[in-house]
Amino acid sequence: AIGLTTGSGVTSGDMDLTVGVGADVGGKLELTAGTSEGADRIGGLLIATAGAATNSEGSVGGALILTAGSSSSGNAVSAARRRLLQAATTGGGGDIVATAGQAEAGDGGDIQVSSGTSTLASSGGINIGTPDAGLGGDSGNIALTTGLSVNGAAGNMSMVVGNTDTANGGWLEFVAGATSALNKAGGQITISAGDQISTGGGDGGNIAVSGGDAIAGYGGNITIDAGISLHNDGGDVIVQAGTSTGSPAQGGNIELRAGMNSNGQGGDIILATGSGLVSGAFQFLSGDAATGASGGLDFITGVAENGHGGNVNFGVGTGGVGHGGNVSITGGETTDVGYMAGGVTIDGGFASADGETGSTGGDVSITGGASAAEGPDRSGDGGDVTLMGGYAAGAVS
């Protein structure tokens with residue numbers, strides 16, 4: 001063994017290992033631990049440890065600094081020298097490469113980066129970032145990638161914020177970059193589950209977004225907001241289920257379901273268009289069908305075992321100027337010869353209770369609109385009720 005040790009004292013001696021300056025290529029400083037050739041043995045360790053500070057009166061442990069070489073060159077170099085120096089033709093700074101050990105039969109080595117602990121204060125942070133770009137380039141990328149696997153599972157990637165017993169839980173925030181460039185878009189955030197590309201079957205990966213649970217407080221919200229625009233249209237929110245080309249399979253469903261409550265009232269679902277100088281329209285449309293019936297629209301309230309069934313109300317909002325809005329219910333048109341167009345059926349509710357007192361079926365009331373206006377010119381008449389049979393071009397209507 002070879003030991004190099006500086007002397008002890010009030011200030012211990014320094015130790016410098018410095019390679020001299022080279023006119024062409026700087027000399028290499030290489031530290032290599034010993035190789036082991038024995039069976040079931042371990043290669044030598046290479047340990048770099050900064051000095052400890054053992055006095056508790058405001059002392060700070062020594063830093064461990066690993067810095068790759070800088071470059072002041074702006075000239076191109078030949079391909080041979082580029083391979084030798086592993087530098088870009090613009091004279092890039094040196095890289096820092098940390099690679100764990102390889103293995104043939106066992107597992108490859110891990111890389112673990114941990115900040116320092118503290119008994120009485122905060123633990124150290126870990127900052128991973130690329131610096132700002134120069135005047136003629138882009139700022140550096142950050143890529144976190146797990147490896148491919150042929151005969152096993154690919155590696156997982158987990159981002160978990162630590163728990164706390166005395167304060168709010170820590171944040172996990174994803175923010176894409178802003179831009180002030182003309183006619184350019186802000187950065188995009190894309191979250192995609194894994195594809196299943198085998199023809200033998202299997203499902204694509206799921207995406208689950210969940211608000212936090214609470215024992216005594218409110219459960220956490222999930223908020224999806226499209227972007228605001230000061231001078232153009234606001235951003236859209238598009239929720240689209242998956243397409244299917246299989247037969248007799250169907251496209252994916254979209255289900256909106258409010259929360260249950262076994263001891264009280266279930267949650268509401270509120271769908272509202274945006275307010276404005278002219279409010280937004282609301283459309284319920286089923287999809288087109290190429291060879292069969294198009295999809296139906298059902299508005300059905302839930303069953304109540306010990307209460308009234310829920311109401312279904314269709315109402316037009318009040319207007320301050322002009323005529324009131326209409327309510328139109330129209331049966332479906334058919335272009336096929338010999339078939340009847342769709343009808344409109346309005347039925348009162350069925351009273352299914354069977355008892356001595358009997359129950360009464362629901363009424364059907366059709367009432368013209370009332371008018372609050374008064375005047376001798378009869379300009380304030382109530383609305384009419386008109387029942388008409390359908391027009392027939394070549395038969396009796």
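In plain terms, the two heavy atoms of Gly267 and Ala258 that are nearest each other are O-CB, 3.0 Å. A pairwise comparison of heavy atoms in Pro131 and Ser139 identifies O-CB, 3.7 Å as the closest pair. The minimum heavy-atom distance linking Gly152 with Ser149 is given by the pair O-OG, 2.7 Å. Listed here is the closest heavy atom pair of Gly295 and Ser286: O-OG, 2.6 Å. Across every non-hydrogen atom of Gly307 and Ala304, the tightest pair is O-CB, 3.5 Å. For the residue pair Ser294 and Gly287, the shortest heavy atom distance occurs at CB-O, 3.5 Å.
With rounding to the nearest 0.5 Å, the separation of CD1 in Ile228 from CG in Asp233 is 14.0 Å. Distance check: Asp195 CG to Asp203 CG gives 12.5 Å after rounding to the nearest 0.5 Å.
With hydrogens and angles ignored, the 3.5 Å screen pairs no side-chain donor or acceptor of Gln240 with any backbone N or O of Gly242. With hydrogens and angles ignored, the 3.5 Å screen pairs no side-chain donor or acceptor of Ser123 with any backbone N or O of Thr117. Between the side chain of Ser229 and the main chain of Gly234, no donor-acceptor pair closer than 3.5 Å is present. Under a 3.5 Å cut-off, the side chain of Thr334 and the backbone N or O of Ala341 do not form any donor-acceptor pair. With Asn261 contributing its side chain and Asn263 its backbone, the two residues share a donor-acceptor pair below 3.5 Å.
When the side chains of ILVMFWY residues are joined at heavy-atom separations under 4.5 Å, either directly or via intervening members, Phe299 and Val327 end up in two distinct hydrophobic clusters. Connection of Ile269 to Leu297 is established within a shared hydrophobic cluster, with ILVMFWY side chains joined at heavy-atom distances below 4.5 Å, either directly or through further cluster members.
Atom CD1 of Ile329 is surrounded by 12 or fewer heavy atoms from other residues, nucleotides or ligands within 6.0 Å. Enclosure of atom CG in Asp336 by more than 12 non-hydrogen atoms of other residues, nucleotides or ligands within 6.0 angstrom is indicated. Sparse packing is recorded around OH of Tyr339, with 12 or fewer heavy atoms of other residues, nucleotides or ligands lying under 6.0 Å away.
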Check the pair Trp171, Val161 against side-chain contact (heavy atoms from CB on, under 4.5 Å), reporting the backbone distance first and the verdict last.
-> CA-CA 7 Å; Trp171 285 40; Val161 179; over 6 Å; no

Quick one: do Ile191 and Ile207 satisfy side-chain contact (heavy atoms from CB on, under 4.5 Å)? Show the steps, please.
-> CA-CA 8 Å; Ile191 301 176; Ile207 294 178; 4.3 Å; yes

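Between Val312 and Thr301 the shortest side-chain heavy-atom distance falls below 4.5 Å. Looking at Val209 and Ile222, their side chains come closer than 4.5 Å, going by heavy atoms from C-beta outward. For the pair Val239 and Ile254, the minimum side-chain heavy-atom distance is below 4.5 Å.
When hydrophobic residues (I, L, V, M, F, W, Y) are linked wherever their side-chain heavy atoms come within less than 4.5 Å, the members clustered with Met157 are Leu144. Cluster partners of Ile142, by chain and number: Ile111, Val113, Ile126, Ile128. The rule joins Ile, Leu, Val, Met, Phe, Trp and Tyr whenever side-chain heavy atoms lie under 4.5 Å apart.
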